[in-house]
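To start, the structure itself, in structure tokens.
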There are 2 protein chains.
Amino acid sequence: MRAAEETFSYRYPHPAVTTDVVVFTIRDGRLSILLVKRANAPYQGNWALPGGFLDIDEDLDTCAARELQEETGISGLYLEQLYTFGTTDRDPRERVISVTYYALIPQDALAVPRAASDASAVGWHDVERLPALAFDHAQIVTMAHRRLVAKLNYSTIALQFMPEAFTLSELQCVYEALLNQTLDKRNFRKRILALDLIEETGRQRRTGKHRPAREYRARHPERVEIIK
Amino acid sequence: MRAAEETFSYRYPHPAVTTDVVVFTIRDGRLSILLVKRANAPYQGNWALPGGFLDIDEDLDTCAARELQEETGISGLYLEQLYTFGTTDRDPRERVISVTYYALIPQDALAVPRAASDASAVGWHDVERLPALAFDHAQIVTMAHRRLVAKLNYSTIALQFMPEAFTLSELQCVYEALLNQTLDKRNFRKRILALDLIEETGRQRRTGKHRPAREYRARHPERVEIIK
DNA sequence: TTAGCATAGTGTTTTCTATACACTTTTTCA
DNA sequence: TGAAAAAGTGTATAGAAAACACTATGCTAA
């Protein structure tokens, strides 16, 4: 906490800088994002992206990860800078530049996120049925969604949605949710296996009254590679 | 000009925000960028990207265009946001967040850029033979170059390098400079014409002692479209 | 005037990649 | 032990990309 009377002065006016993060996951086969309900004005009671002001001595990436951790308890996920939004009127309080990120989180890491001080609630929302969002956050989500879908076709980003071990059918479901269309099972498997990015764990997954599926894992779980 | 004693105070420290621009063109069949020689500390005498501090009441895009105009006299070109750089130590004076852009300028628009107050010189530099750059500008150039080359393959961005009228051979030279490889003439023409993005002007270009080439123009010179 | 030089302009064949498509296997449970 | 449910598997076709070489046209200089 800072002393109430302390201020920081500059020869020229400076904007405030924030980071905001679009966190994607697949819930029940639907692409969903994480939103927090704003506890304070402006846009009090509205849903918004998790985010907040940059500390003067922290890197942008660190800020995005920290805010996400503080507001939702989520950490250790794939995080990539998206775009910087800075029109003069985007925040009624003062001039605010928002450096936005998007993040991908595996399906199984869905410990229900906890709300922090400046959020009265946190929750996942189907990206096709979003509530009205605060500030220009709807625009940010749209851009993040487009970037994610585009990146499916020339990178291994989809693997970031997968837990440590997964089946090919599960991976196909992720692609189908993102592309919003069904894919041919044989062609999908051929393509994915030809990339040589995943390998069998040797174990099997038994669920339901049917043939068990082989488990796979990513060869380089941390890396998102550009392919082709 | 601002009164010397005027200052701007905030409850929390704010970073400074700048925009920097990587301006590309093709000179003599080589991809080149525009650099300014710094007139003041830090990095005085070093080459750097054109750019400068954001006015508190201007949009980011406007700032990038304005700084470019002020420092080099260049305006009206294709400008796209690239990435935001913000590590804590990238400027020795104070915490500075740089929202970077890249721009493309046609070959014939090469009125020699004029240097402004805070630049002692301005000049084009072959992107393969750059001098040492100030700040983290080398990193910015690398990222811009990569983005530009990637975009060649799925957008019509190369047309932004072309003057109002151009020949297919000239356009092919641009692709070859960017990809750093020669292309088959017939396949190139087939591909470009199939996209239906350019049309004949009806005129011809006579240069040298050989058959004149047909002139073409872009159907939508302002637009950069995603293709395929 | 004409020969030769320099760049413009043009199609077809081959190879590779992407798509369409249906049945068998394995396990569980009633 | 048979029915249900998802896993797993190969081939044929169509479309896209790549390889490849000669003719056309205007200029210049002898």
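These numbers come from the heavy atoms of this one structure, side chains and all, not from hydrogens, waters or symmetry mates.
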Among [options], which is the nearest nucleotide to the side chain of [X]?
X	options	answer
B/R189	C/dA8, D/dA7, D/dA17	C/dA8
B/K209	C/dA6, C/dA18, C/dC21	C/dA6
A/K190	C/dA18, D/dG8, C/dA20	C/dA20
B/K185	D/dT9, C/dC29, C/dG9	C/dG9
A/H210	D/dA17, D/dA6, D/dT9	D/dA6
B/R211	D/dA4, D/dT9, D/dT25	D/dT25

Task: Contact under 4.0 Å: B/R214 side-chain N or O vs C/dT10 OP1/OP2 - done: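 Answer yes for this pair, as a side-chain N or O of B/R214 is under 4.0 Å from OP1 or OP2.
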TODO: Check whether any side-chain nitrogen or oxygen of A/S169 sits under 4.0 Å from OP1 or OP2 of D/dA6, and answer yes or no.
DONE: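 No, A/S169 has no side-chain N/O under 4.0 Å of OP1/OP2 on D/dA6.
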Open item on the list: Within this structure, what is the CG-CG distance for the pair A/L195 and A/L159, rounded to the nearest 0.5 Å?
Closed with: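 Rounded to the nearest 0.5 Å, the CG-CG separation comes to 9.0 Å.
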TODO: Supply the atom-to-atom distance B/I157 CD1 to B/E225 CD, rounded to the nearest 0.5 angstrom.
DONE: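 Going from CD1 on B/I157 over to CD on B/E225, the span is 12.5 Å.
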TODO: Quick one: label A/R191 by what it contacts on the DNA or RNA (base, sugar-phosphate, nothing), any heavy atom closer than 4.0 Å.
DONE: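 It contacts nothing in the nucleic acid.
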Open item on the list: By the 4.0 Å heavy-atom rule, please label A/T167 as base, sugar-phosphate, or nothing.
Closed with: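 No contact.
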Rounded to the nearest Å, what distance is computed from the [atom1] atom of residue [X] to the [atom2] atom of nucleotide [N]?
X	N	atom1	atom2	result
A/L193	D/dA7	CG	C1'	13 Å
B/K228	C/dT17	NZ	C1'	12 Å
A/F188	C/dA20	CZ	P	16 Å
A/D184	D/dT13	CG	P	17 Å
A/L168	D/dA6	CG	C1'	13 Å
A/R206	C/dT28	CZ	C1'	12 Å

- [ ] For side chain to side chain donor-acceptor pair (under 3.5 Å), just list the numbers for A/Y101 and A/E80, CA-CA rounded to whole Å, side-chain angles, deciding distance to a tenth of an Å, and then say yes or no.
- [x] CA-CA 5 Å; A/Y101 286 77; A/E80 181 185 318; over 6 Å; no
Task: Carboxylate-amine/guanidinium proximity below 4.0 Å for B/R217 and B/E164 - done: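 No, this pair does not count.
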Open item on the list: Any salt bridge linking B/R66 with B/E58? Criterion: basic side-chain nitrogen under 4.0 Å from a carboxylate oxygen.
Closed with: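 The answer is yes: the pair qualifies as a salt bridge.
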Open item on the list: Closest-nucleotide mapping onto DNA chain D: is A/N187 or B/R186 further toward the 5' terminus? I mean the 5' end.
Closed with: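 Looking at the nearest nucleotide for each, A/N187 comes out on the 5' side.
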